[in-house]
Amino acid sequence: MGKNYLHLGIGHYGIGFKDGVNTVISRSVRALWRINPNLRITLFGKLSPDYKNFIKPSPPFLRYLNIDEFDPIEASKQLGGKSISEQQVHDYIWQGTNIAQILVDKLANMDVVIAENLGIGIHPAVTYAFYLYTQYSYMHKNNKKFIYRFHDFVQQRPENFKNVKKFHHFPFSIVPHWHSILYPAYPNIKYITINRYDRWRLVEHGIEENNIYYIPNCVDKSIIPPDDRSDELRRKIIEREKLDPSVRFILYPVRCIRRKNVEEAIFLTKFFNTLSEGKVFKKNYNLKGKFHLLVSVRPKEGDDAQYTKILLEFVKNHNLPVTIGLEEFISLEREYDSRDPTKIIKYGIGDIYKVAELVITTSTLEGFGFVYVEPWIMDKVVIGRSIPFITPDFQTAGMKLDHLYTALLVEGKDFKDIGQEKSNPDEAVQERLSKTLKLNNPNYVKRFIESNETVILATLRLFDEEKRKEVIAKNKEVVEKTYSEEKIGKKLYEVITSA
């Protein structure tokens with residue numbers, strides 16, 4: 001490559017923001033740095049306001065490159081406020097051509113470029129720009145190699161897919177087909193998927209099998225706190241939320257967005273409290289204490305904020321035991337007072353895991369599914385919904401996840417499908433939420449139990465601390481062995497250096 005060091009670029013729409021892809025990027029950087037301390041890494045995209053605090057400690061050869069044009073909001077401004085969905089293919093092509101030139105100029109000294117999830121339709125002009133840039137690099141024989149890492153697929157996001165499909169065959173050859181843009185097959189491109197099912201998806205899309213690498217995401221053991229300060233954090237949450245000191249917390253460690261299906265977690269928390277209150281007299285259905293659901297991150301804008309607003313209004317109106325938004329207390333890592341190194345300003349992810357008794361997931365769509373693996377290294381059991389094509393990867397690795405359910409039947413329908421016939425998604429959410437109120441009726445609860453008896457018993461068994469010890473020990477062992485930063489980092493480094 002003409003140099004005595006390797007320069008790696010990693011690009012995403014936004015760098016340093018609090019989302020799943022950025023979590024993967026930060027863990028990848030740390031893993032690669034440990035393998036090769038001399039590796040030059042540049043993270044490029046729209047930089048968050050506090051991007052300098054994104055990766056701590058910062059590797060010596062880590063650099064950041066701001067590209068405003070990667071931001072869909074910036075793209076809208078350039079076109080007089082037209083949203084991505086309102087823009088037409090000629091808008092995408094005009095912006096994409098300009099962005100491609102920026103890539104040619106600013107990424108010139110990079111040897112390998114990883115494009116993170118850039119084909120999901122959030123900003124089609126960026127997808128088109130990479131299509132042009134990979135083609136340009138191949139034709140000019142500049143030895144630059146590309147790796148497309150897929151976290152999920154645009155076909156899983158119908159609204160985004162509509163945008164991408166604006167690229168179709170025109171009488172004029174200037175407009176390529178959307179399929180060619182999403183899945184370019186030049187020899188200088190390799191592909192990474194984070195689950196096995198997506199690997200075969202790429203094969204179906206025409207990518208050669210030997211050009212696709214299955215590399216799952218890694219679990220970061222540095223989230224384990226150096227000491228146990230969970231009592232402090234627990235007390236602060238209880239004081240803010242005005243809760244009973246004996247409350248039992250169930251944690252849903254996610255950003256509150258529609259595909260996380262938080263209303264189902266609310267339904268289940270209400271159900272657990274119904275059993276705890278003794279409204280159903282049935283053997284093996286006894287629980288003790290008052291349960292309270294904690295959802296980590298509350299979105300501040302866009303459709304996700306609207307979704308969260310609906311949930312919070314319902315929770316407030318019906319006095320339900322739910323908290324959405326712990327940003328006041330929690331960050332990715334602990335933050336200490338500079339004047340008093342023993343005083344914690346914000347607690348880390350590991351601290352909130354320690355506060356929780358159990359972790360729940362009711363998500364309907366994931367690319368990898370951190371929630372299925374990460375809690376176990378904190379000795380926490382995970383209950384809730386299984387996702388076909390995602391959880392089987394973990395079971396193949398040896399994890400015990402048979403207690404998870406693939407369907408939760410409520411009035412003859414899987415809970416996630418209730419209200420799907422409605423054209424307004426907010427109305428569908430309201431209909432699902434309304435089922436929670438019916439749990440005040442003991443007969444309704446009994447019918448719900450009868451429809452889901454096997455999965456409910458498997459879940460309730462894990463509320464017993466002694467009974468969950470075995471499954472925690474087994475799954476923790478598998479996670480530490482299979483999804484360690486060291487092991488996954490080596491796989492990624494091999495692909496980068498062989499690219």
Side-chain angles (χ1 to χ4, degrees), residues 18-19 223 225 229-277 287-301 304-332 334-335 344-363 370-371 374-375 378 380-385 429-430 432-437 439 463:
K18 294 179 180 178
D19 57 53
I223 69 168
R229 305 280 289 273
S230 57
D231 285 346
E232 296 174 14
L233 177 56
R234 175 183 172 85
R235 185 168 60 252
K236 290 182 178 182
I237 296 173
I238 288 173
E239 288 174 356
R240 190 188 76 172
E241 300 297 309
K242 298 179 174 59
L243 304 175
D244 188 286
S246 64
V247 66
R248 302 172 71 180
F249 287 123
I250 298 174
L251 175 66
Y252 196 176
V254 294
R255 189 166 178 266
C256 188
I257 60 178
R258 291 184 190 269
R259 65 183 174 88
K260 300 300 182 180
N261 186 26
V262 176
E263 55 268 35
E264 185 171 305
I266 294 173
F267 178 90
L268 284 171
T269 303
K270 171 68 173 176
F271 170 67
F272 298 144
N273 280 325
T274 299
L275 297 182
S276 178
E277 292 162 5
L287 290 178
K288 295 180 180 179
K290 176 77 171 178
F291 297 95
H292 189 96
L293 179 66
L294 300 174
V295 182
S296 303
V297 181
R298 176 181 177 178
K300 297 296 190 293
E301 59 186 11
D304 298 333
Q306 168 64 16
Y307 168 67
T308 303
K309 181 182 177 183
I310 294 171
L311 299 183
L312 287 173
E313 287 180 352
F314 185 85
V315 164
K316 182 179 179 180
N317 291 340
H318 301 286
N319 194 30
L320 294 172
V322 179
T323 296
I324 300 177
L326 297 171
E327 296 93 327
E328 177 185 342
F329 306 118
I330 305 296
S331 185
L332 289 174
R334 279 188 186 177
E335 298 176 10
I344 298 176
I345 298 174
K346 283 195 175 183
Y347 297 82
I349 296 173
D351 293 304
I352 191 62
Y353 275 129
K354 279 185 170 290
V355 167
E357 185 159 338
L358 305 100
V359 175
I360 192 170
T361 175
T362 49
S363 177
F370 274 119
V371 71
E374 191 171 70
M378 294 300 307
K380 298 299 176 181
V381 73
V382 181
I383 62 172
R385 181 177 286 276
V429 172
Q430 293 282 11
R432 289 191 290 276
L433 284 169
S434 70
K435 305 304 178 185
T436 301
L437 302 182
L439 292 170
F463 278 72

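The first residue of the sequence shown is numbered 1, and numbering continues consecutively from there.
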Donor-acceptor contact below 3.5 Å, side chain [X] vs main chain [Y]:
X    : Y    : value
Y307 : P299 : no
T361 : G384 : no
D304 : I257 : no
E263 : L311 : no
Y353 : I223 : no
R234 : P245 : yes
N317 : F314 : no

In Å and rounded to the nearest 0.5 Å, what is the [atom1] to [atom2] distance from [X] to [Y]?
X    : Y    : atom1 : atom2 : answer
L233 : I330 : CG    : CD1   : 4.5 Å
L243 : H292 : CG    : NE2   : 5.0 Å
K380 : I360 : NZ    : CD1   : 15.0 Å
T269 : E264 : OG1   : CD    : 10.5 Å
E239 : E241 : CD    : CD    : 11.5 Å
L326 : L251 : CG    : CG    : 7.5 Å

With a 4.5 Å limit on heavy-atom distance, are the side chains of [X] and [Y] in contact?
X    : Y    : result
T362 : V262 : no
T323 : R240 : yes
F463 : L275 : no
D244 : K290 : no

Testing the basics here: between [X] and [Y], what is the closest heavy-atom pair and its distance to 0.1 Å?
X    : Y    : result
I352 : I349 : CG2-O, 3.0 Å
F291 : P321 : O-CB, 3.4 Å
T308 : C256 : OG1-O, 3.2 Å
G289 : R248 : CA-CD, 4.1 Å
P225 : G350 : CG-C, 3.7 Å

side-chain contact (heavy atoms from CB on, under 4.5 Å) between E374 and V359, intermediate numbers included:
CA-CA 10 Å; E374 191 171 70; V359 175; over 6 Å; no
The criterion is side chain to side chain contact (heavy atoms under 4.5 Å, CB included); which residues satisfy it with [X], sequence neighbours excluded?
X    : answer
T274 : K270, K279, L439, V445
I310 : Q306, D426, V429, Q430, L433
K236 : F329, Y347

Show the numbers, then the answer: is there a salt bridge (charged side-chain N to carboxylate O under 4.0 Å, His left out) between R229 and D351?
CA-CA 7 Å; R229 305 280 289 273; D351 293 304; over 6 Å; no
After noting the C-alpha distance and the side-chain angles of V297 and K18, does the key distance pass the side-chain contact (heavy atoms from CB on, under 4.5 Å) rule?
CA-CA 9 Å; V297 181; K18 294 179 180 178; 5.8 Å; no
Does [atom1] belonging to [X] count more than 12 external heavy atoms closer than 6.0 Å?
X    : atom1 : result
E301 : CD    : no
R259 : CZ    : yes
K300 : NZ    : yes
K346 : NZ    : yes

side-chain contact (heavy atoms from CB on, under 4.5 Å), that's the test. Do F272 and L358 meet it? Break it down for me.
CA-CA 12 Å; F272 298 144; L358 305 100; over 6 Å; no
Does a salt bridge link R255 with D19, judged by any charged N lying under 4.0 Å from a carboxylate O?
no
